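In this text, all values refer to a predicted model and were calculated from it rather than measured experimentally. Note: hydrogens, waters and symmetry copies are ignored here, and every other heavy atom, side chains too, is used.
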Amino acid sequence: MRYIVAGLSFLFAFPLSAAEITREPLEGDTDLISVTGVLNEGDESLFRNVAAAPNKALVFLNSEGGDLKAGLEIGRAIRLRNFATAVPPGTLCASACALTWLAGSPRMLEATSNLGFHAAYRVVDGKASESGVANALVGAYLNQLGLSDTAIAFVTSAPPEGIEWLTPAKAQGVGIAYEAVQLDAANATSEEGKTLPYDPMGTVTAFYSALAVADGETASALVIPEKRGKGPFNEASIHAFFGAMAQPLKLTGTALRGDDNVRVSYEYITSDGRRCQGRADVQTTYAFGKTLLSRITALDGC
């Protein structure tokens, strides 16, 4: 499809910032809507506003994941409008983003696209849940999309730790149909090396800002996929621990140490009155065209 190639060329021509939803015309009466960065509460309303004008659209999804409700509601808007969805080559669409991608008519992936499912997590009535209510919400959504029972079971049984990557074999086995798209050689060569900036300070600051408001979904979305849900990167644990503070976490300092490591300092007071004035070294890496956290080493015992 020529508009796929045109859309890919447009997306990589500009470095897109996090949580950005934009619309640009493609060929004929088709528009390109790009969703880039961590999904946040309220992004579904922004998407509806951006998507209101076009009759036909291709939605490019380049997102680490994030807010489950936003991902589901954007997906519902996509299905209602019969928009197509695609994940650009070399990029990541995981967790809530992967659920959004499922709503496309048609769905598209490039050979180097990375699409992965992660256990559904959501705070309901102040309580964090990795399954149960969250999976019920996801299951109802997938039923609305018309997915088979086998496909629904595959998506809702995604691991609470790490990512379940969708491969061609798995997609065929569970009945998740999609169109494989490919850039021609000339376009692939011209796009090579056009990546988003490596920004350790920005990503680390965003991660600790999420901890400050006990937002496990956003914090997890900023972590490399294979470590999501593990130890300090567990969404439910983040919500439970940082949501019970007498004084919420406050980031008091950041300093870049080398190319990949950020030294942070912070303070908080727990519900039992324990005061922490701590530091940590946060290791980052550049993967899928994004800056993601790979390790945290606490230096002061808290």
[Y] backbone acceptor or donor facing [X] side chain under 3.5 Å:
{"X": "Thr205", "Y": "Gly202", "value": "no"}
{"X": "Thr100", "Y": "Ala96", "value": "yes"}
{"X": "Arg23", "Y": "Ile33", "value": "no"}
{"X": "Arg228", "Y": "Ala221", "value": "yes"}
{"X": "Thr252", "Y": "Ser265", "value": "yes"}
{"X": "His118", "Y": "Gly162", "value": "yes"}

Notebook entry, point to check: Is it true that Glu73 and Arg48 make a salt bridge, defined as a side-chain N closer than 4.0 Å to a carboxylate O?
Noted result: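 Yes, this pair counts.
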Margin query: Can you tell whether the side chains of Glu44 and Arg76 come within less than 4.0 Å, N to carboxylate O?
Written below: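 Looking at Arg76 together with Glu44, the answer is no, because their closest N to O distance does not fall below 4.0 Å.
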Enter the distance from [X]:[atom1] to [Y]:[atom2] here, rounded to the nearest 0.5 Å.
{"X": "Glu41", "Y": "Glu217", "atom1": "CD", "atom2": "CD", "value": "9.5 Å"}
{"X": "Ile78", "Y": "Leu61", "atom1": "CD1", "atom2": "CG", "value": "5.5 Å"}
{"X": "Phe241", "Y": "Thr270", "atom1": "CZ", "atom2": "OG1", "value": "7.0 Å"}
{"X": "Leu115", "Y": "Cys97", "atom1": "CG", "atom2": "SG", "value": "7.0 Å"}
{"X": "Asn40", "Y": "Lys69", "atom1": "CG", "atom2": "NZ", "value": "13.5 Å"}
{"X": "Ile269", "Y": "Lys250", "atom1": "CD1", "atom2": "NZ", "value": "11.5 Å"}

Check: Would a hydrophobic clustering, with Ile, Leu, Val, Met, Phe, Trp and Tyr connected at side-chain separations under 4.5 Å, put Phe207 with Met245?
Finding: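 Yes; tracing contacts between hydrophobic side chains, which count when under 4.5 Å, links both residues.
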Note to self: Do Leu68 and Val213 land in one hydrophobic cluster if side-chain heavy atoms of ILVMFWY residues count as linked below 4.5 Å?
What the structure shows: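 No; tracing contacts between hydrophobic side chains, which count when under 4.5 Å, never links both residues.
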[X] vs [Y] side-chain heavy atoms within contact, under 4.5 Å:
{"X": "Leu293", "Y": "Val282", "result": "yes"}
{"X": "Val264", "Y": "Tyr208", "result": "yes"}
{"X": "Ile176", "Y": "Trp101", "result": "yes"}
{"X": "Asn114", "Y": "Val87", "result": "no"}
{"X": "Cys276", "Y": "Tyr266", "result": "yes"}
{"X": "Asp281", "Y": "Val262", "result": "no"}
{"X": "Thr156", "Y": "Leu142", "result": "yes"}
{"X": "Arg263", "Y": "Thr254", "result": "no"}

Do other residues, nucleotides or ligands put more than 12 heavy atoms under 6.0 Å from [X] [atom1]?
{"X": "Arg295", "atom1": "CZ", "value": "no"}
{"X": "Asp272", "atom1": "CG", "value": "yes"}
{"X": "Lys170", "atom1": "NZ", "value": "yes"}
{"X": "Gln247", "atom1": "CD", "value": "yes"}
{"X": "Lys230", "atom1": "NZ", "value": "yes"}

Note to self: Between Glu110 and Thr112, do the side chains contain a donor N or O and an acceptor N or O under 3.5 Å apart?
What the structure shows: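 Per modelled atom types, Thr112 and Glu110 side chains form a pair under 3.5 Å.
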Item checked: Tyr286 and Asp260: side chain donor to acceptor below 3.5 Å ->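 No, Asp260 and Tyr286 have no side-chain donor paired with an acceptor closer than 3.5 Å.
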Notebook entry, point to check: Among Thr285, Thr91, Asn62, which one satisfies side-chain hydrogen bond (donor to acceptor under 3.5 Å, both in side chains) with Lys290?
Noted result: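 For Lys290, the side-chain hydrogen bond (donor to acceptor under 3.5 Å, both in side chains) check succeeds only for Asn62.
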Checklist line | Whether Phe288 and Trp165 hold their rings parallel, tilted or perpendicular, with breakpoints at 30° and 60° | finding: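 Tilted.
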Next item on the list: Check step by step if side-chain hydrogen bond (donor to acceptor under 3.5 Å, both in side chains) holds for Ser34 and Thr22.
Entry: CA-CA 5 Å; Ser34 61; Thr22 60; 2.6 Å; yes
